Amino acid sequence: MAEAADFPGTSPSPARRWFRRTATLLAGAPLLAGLLQVPVSPSAHAAGTGATTGTATATGSVGTSSAAGAHTSAANARKASTGTKATPTGSRTVDVSLDTLTPSAPRDGDTVVVSGKVTNEGRQAITDAHVGLRVGSALGGRTDIDSAAKRTGYQPGLDGSEVGGKYVEKFSRLAPGVPYDFSISVPVSALHLSMDGVYQLGVTLTGQTAAQPYPQVLGIERTFLPWQDGAADTKTKTTYLWPLISTTHLTSRTRSDEEQTPLFKDESLAKELQTGGRLQQLLTLGSQLDVAWVIDPDLLVSVDAMTTSYDVEGPDGTTVAGKNQAVAKQWLNQLHKAVKGKKVVALPFADPDLASLAHNGRAVKGSLGHLKEATEVGAQAVEDILNVKPSSDFAWPAEGAVDPSVVDVATSAGAHSVIARSDSLRETGGLLYTPNAARPIGGGTTAVVADARLSTAFRGDMTGAEDSTLATQEFLAQSLMITLQDPDKQRSIVVAPQRMPTASQAQTMARALAALDDKRWSQPQSLTAAAKAEPDPNATTQVPSAGSYPSSLRKQELPRSAFEEVQNTQGKLDRFKQILSEPDRVITPFGRAIDREMSTSWRGRPTDAQNFRKGVQGYLTSLIQQVKLINKSDVKLSGRSATIPVTVQNNLVQGVDHLVLRLTSTNPTRLKVGDGLYEEQPVRITGGGHTQSVKFTTTANANGPVTVYAQLYTEDNEPYGAPVRFDVNVTEFTATVMLVIGGGVLLLVLAGFRMYTQRKRAARRQAEAGPDGGPDGDSDATPDTSPGTDPGSADPEQPSDPTPDTAAESTEPSHTGERVDR
């Protein structure tokens, strides 16, 4: 800003004098800082303030930039700070992109090659420009690395002197907005790296403009050069977790065939397994490194399911046959070879969210039982699929954030080691070095505390060459600085990166680990060995309180309502499996689906998580409804007793048993079912797609309608399905019955009347014949007998008796096929 001129003949005002003095002080501050900068002695490695806690201010606290997964690389942070609408000026005029630096950790005799791009972001052309390298003095500690990574403009003295000479690339002119490539090769000897340590390496663009026609630094990018020419006397033992974890891909639905063909929600897993995919890259890169494999068994089960027939949900709700069996087989075969003879850590099935369980699910009865089952099932799945005996002794809370409740839940399923992070379990003892990862925290539990700086080094977008290069160099710098903090004290360090690294992040991680493979200052070790390392007596063992748990992580947790839905689904499953002849066909797919409902992968995706839970419960409900009562129309009951049939339908593909059908009368005074209010009968349908009709005996005591309910129950007296209601209309004597009875009575009356008249006629005839039997009293009159009557019979047949009209029945046996009347 130009200062306003004073009026001629007057002295400057007090305000103007103050302004000039302030501007002069501000302009001289960088120069003064440069004059005060002095080389750091070797002993300063141990005294670096950044080493005292092992938790860098650059990585922040858990739940801020690093722990919440919003880590931004040093280059992005610096460029974000200059992202204003004003035209860049000064040392921010040119954007310097550092795309490659090889070798990442040079030795004596190597040639360092630095390449990238420079882009003039100003409005004027830059002339007489050149790109050069500047090597600062050795940094004194881990905090110095953090501070250098955060600086943005060029600062004389702090950014070192230019190597110069022939180790520059010149540009006669840089037009605005046009990127120009550069590449500089310089022997290590020209860099004057005296002692082992971490050096700041600056790449600067020096040039001039028409407005400022003198050489000046117009752009700078900083990185770090770890220098350890020979092998360190005492090397740091480094455990790098290499996670094979994915999101949920399998649904709870299966085909009704014998193999229960699985259904995937999409083909996204196949894309991760294909060449160039995230999981393919992780597997290929990890197989070339000495890393600690940490595997979610759900991923193995899902890939294994893809190796045979499988279905995929279509966008319109239909299903299509999956076609990536070959991809799945190839990936599994490659994984078999990669883990052969290696230590493998199996997470609980589907990687359950331990913090969500601790904070929201613990109060829901039965929730912790899922964690124990998931741990046992997960270990068995890894052993069955990979033919290796995994360790299930480690629990890994999200972002390594812990509090007492998280630790309690993490160890409730049998784990004895909890993978925490140093920005959660902070050092408070003023240590001048980074302590061992293993910390006893009571109750026989060990906290394996991963280093926060190293664990968050590869967050953010690593697709750009510059971000990847800067992240690699900073990781190596922090790793070497741990060894230099106390060269005589061997440390055991654990690195726990993000759970699901992208393909570009995995490539960057592998590049950094490959630089450690020569074992100059670091050597690999297994996670089990890291957990058993001798704890540092001065390291913190105090688990932070619940109040210190990051609020940003709490916002991502599954709510209590999610665990209530989980238990509701579990309750339905428990009742459903009791009636099945083959319960394993539903226990296995739904049990694993319930585990997936609690996965850590749902963090930040509440809508997807809720939709998955609803899908599982909806499908289970639809299966339960396949066993039901068929609706029944109203019944008319004639007479005092009758049998009422009720039909049970089974549309499942397996038989059902252990069900009871209860028929209940709402008015037993009018209509009794069985011996009283209700009657129960067992239900057993041996095959799927069949029905069974169950008959109940009823007794009517009065006319009128009675409502009756039919309800299925499990053997433990829990209602199953919806009841069926119908009315029974009791009519003890109907019009038809009365007509039949009336006709019978009339026939009886007529028969009696006929008999009466016949007897009366016979009596009159006898009276007319007289006492001697003749009509006139003549004793020798011929008797009145009917033809065919035996004259000597003592009991003559009455004249009114009809002659039989059927022949005497034969007593001979009937012939074959002959109809015999009985």
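Bear in mind the structure is a predicted one, so any value in this text is a computation, not a measurement.
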Would a 4.5 Å heavy-atom cut-off, applied to side chains only, mark Thr223 and Thr469 as touching? no
Any side-chain donor-acceptor pair under 3.5 Å between Gln280 and Glu272? no
Do Arg491 side-chain atoms and Ile482 backbone N/O form a donor-acceptor pair below 3.5 Å? yes
Can you find a side-chain donor-acceptor pair between Thr508 and Ser468 that sits under 3.5 Å? yes
Take Thr236 and Thr483 through the side chain to side chain donor-acceptor pair (under 3.5 Å) test and state the conclusion after the steps. CA-CA 6 Å; Thr236 301; Thr483 302; 2.7 Å; yes
Ile419 and Ala496 have their tightest heavy-atom pair at CG2-CB, 4.3 Å
Does the side chain of Gln505 come under 3.5 Å of the side chain of Arg278 through a donor N or O and an acceptor N or O? no
Asp99 CG to Ser115 OG distance, which is reported to the nearest 0.5 Å: 6.0 Å
Would you indicate whether Glu162, at its atom CD, is surrounded by more than 12 heavy atoms from other residues, nucleotides or ligands within a distance under 6.0 Å? yes
Can Lys489 and Asp486 be counted as an ion pair, charged N to O under 4.0 angstrom? no
Can you confirm whether the side chains of Gln212 and Gln208 place a donor and an acceptor under 3.5 Å from each other? no
Please answer whether the main-chain N or O of Pro106 pairs with a side-chain N or O of Asp110 as donor and acceptor at a distance below 3.5 Å. no
Can you tell if the side chain of Leu174 reaches within under 4.5 Å of the side chain of Leu205, non-hydrogen atoms only? yes
Does Gly230 offer a backbone N or O that forms a donor-acceptor pair with the side chain of Gln228 under 3.5 Å? yes
Side chain of Asp451, backbone of Leu454: donor and acceptor closer than 3.5 Å? yes
Under 3.5 Å, is there a donor-acceptor pair between the Arg134 and Thr204 side chains? yes
Does the Thr239 side chain pair with the main chain of Gln525, one donor and one acceptor, at a distance under 3.5 Å? yes
Go through it in stages, so that I can follow the logic: the residues are Leu191 and Val186, the test is side-chain contact (heavy atoms from CB on, under 4.5 Å), and I'd like the CA-CA distance, side-chain angles, deciding distance and then a yes or no. CA-CA 8 Å; Leu191 299 177; Val186 55; 3.9 Å; yes
Quick one: do Glu474 and Lys150 satisfy salt bridge (charged side-chain N to carboxylate O under 4.0 Å, His left out)? Show the steps, please. CA-CA 12 Å; Glu474 189 169 347; Lys150 290 190 295 182; over 6 Å; no
Donor-acceptor pair, side chain of Gln485 and main chain of Thr434, under 3.5 angstrom: yes
Any donor-acceptor N/O pair, Asn436 side chain to Ser492 backbone, under 3.5 Å: yes
Side-chain donor-acceptor pair present, Gln523, Thr238, cut-off under 3.5 Å: no
For the residue pair Asp146 and Gln478, confirm or rule out a side-chain donor-acceptor distance under 3.5 Å. yes
Can you find a pair of side-chain heavy atoms, one from Ile220 and one from Val96, that are under 4.5 Å apart? no
Beyond-backbone contact of Leu269 with Leu279, side-chain heavy atoms, under 4.5 angstrom: yes
Validate the cation-pi geometry between Arg499 and Trp396: distance from NZ or CZ to the six-membered ring centre under 6.0 Å, angle to the ring axis within 45°. yes
Partners of Lys519 by side chain to side chain contact (heavy atoms under 4.5 Å, CB included), sequence neighbours excluded? Lys235, Pro524
Between the side chain of Trp227 and the main-chain N/O of Ala138, is any donor-acceptor distance below 3.5 Å? no
Could you go through Leu101 and Val112, starting from their C-alpha distance and side-chain angles, then the distance that decides it, and tell me whether this counts as side-chain contact (heavy atoms from CB on, under 4.5 Å)? CA-CA 7 Å; Leu101 194 162; Val112 177; 4.2 Å; yes
Is there a side-chain contact (heavy atoms from CB on, under 4.5 Å) between Asn324 and Leu273 once you walk through the steps? CA-CA 9 Å; Asn324 288 285; Leu273 301 175; over 6 Å; no
Please report the shortest heavy-atom distance between Gly197 and Tyr199, naming the atom on each side. O-CD1, 3.8 Å
Ring pair (Phe, Tyr, Trp, His ring centres under 6.0 Å) filter on Phe224, not counting sequence neighbours, yields none
Could you tell me whether Glu221 and Arg151 make a salt bridge, using a distance below 4.0 angstrom between a side-chain N and a carboxylate O? no
Is the closest basic N to carboxylate O distance between Arg520 and Asp229 below 4.0 Å? no
Answer yes or no: is there a side-chain heavy-atom contact under 4.5 Å between Thr119 and Tyr180? no
Is any side-chain heavy atom of Val168 closer than 4.5 Å to one of Val131? no
When you compare the side chain of Leu335 with that of Leu244, does any pair of heavy atoms fall below 4.5 Å? yes
Between Ala506 and Pro501, which heavy-atom pair has the shortest distance, and what is it? N-CB, 4.4 Å
Using 4.0 Å as the upper bound for N to carboxylate O, is an ion pair formed by Arg107 and Asp518? yes
Does the side chain of Thr127 come within less than 4.5 Å of Thr209's, by heavy atoms? no
Are a donor atom and an acceptor atom from the side chains of Ser504 and Thr502 found within less than 3.5 Å of each other? yes
Looking just at side-chain N and O atoms, do Arg92 and Thr152 make a donor-acceptor pair shorter than 3.5 Å? yes
If I take atom CG from residue Leu201 and atom CG from residue Leu98, how far apart are they, to the nearest 0.5 angstrom? 7.5 Å
Rounded distance [0.5 Å steps], CZ in Arg453 versus CD1 in Ile493: 11.5 Å
Residue pair Glu169 / Ser183, side-chain donor-acceptor N/O under 3.5 Å: no
For Leu299 and Ile245, the nearest pair of non-hydrogen atoms, with its separation, is CD2-N, 4.1 Å
Less than 3.5 Å apart, any donor N or O on the side chain of Ser185 or Thr111 sitting next to an acceptor on the other? no
Without hydrogens or angle criteria, can the side chains of Thr284 and Gln334 be said to hold a donor-acceptor pair below 3.5 Å? yes
For a quick test of reading the model, state the closest non-hydrogen atom pair linking Ala148 to Arg222 and the distance between them. O-CD, 3.7 Å
Please verify the inter-ring angle class for Tyr240 with Phe475; under 30° counts as parallel, over 60° as perpendicular, anything in between as tilted. perpendicular
Whether the side chain of Trp242 engages the backbone of Leu282 through a donor-acceptor N/O pair (distance < 3.5 Å, no angle test) should be reported. yes
Assess the side chains of Ser422 and Glu427: does a donor N or O sit below 3.5 Å from an acceptor N or O? no
State the CG-CD distance between Asp233 and Gln490, to the nearest 0.5 angstrom. 11.5 Å
Restricting to non-hydrogen atoms, name the atom on Phe458 and the atom on Gln498 that form the minimum distance, rounded to 0.1 Å. O-NE2, 3.0 Å
Residues Trp293, Leu283; criterion side-chain contact (heavy atoms from CB on, under 4.5 Å); working and verdict: CA-CA 10 Å; Trp293 296 93; Leu283 177 52; 4.0 Å; yes
Between OG on residue Ser147 and CG on residue Leu139, distance to nearest 0.5 Å: 9.0 Å
When you look at NZ of Lys555, are more than 12 heavy atoms from neighbouring residues, nucleotides or ligands closer to it than 6.0 Å? no
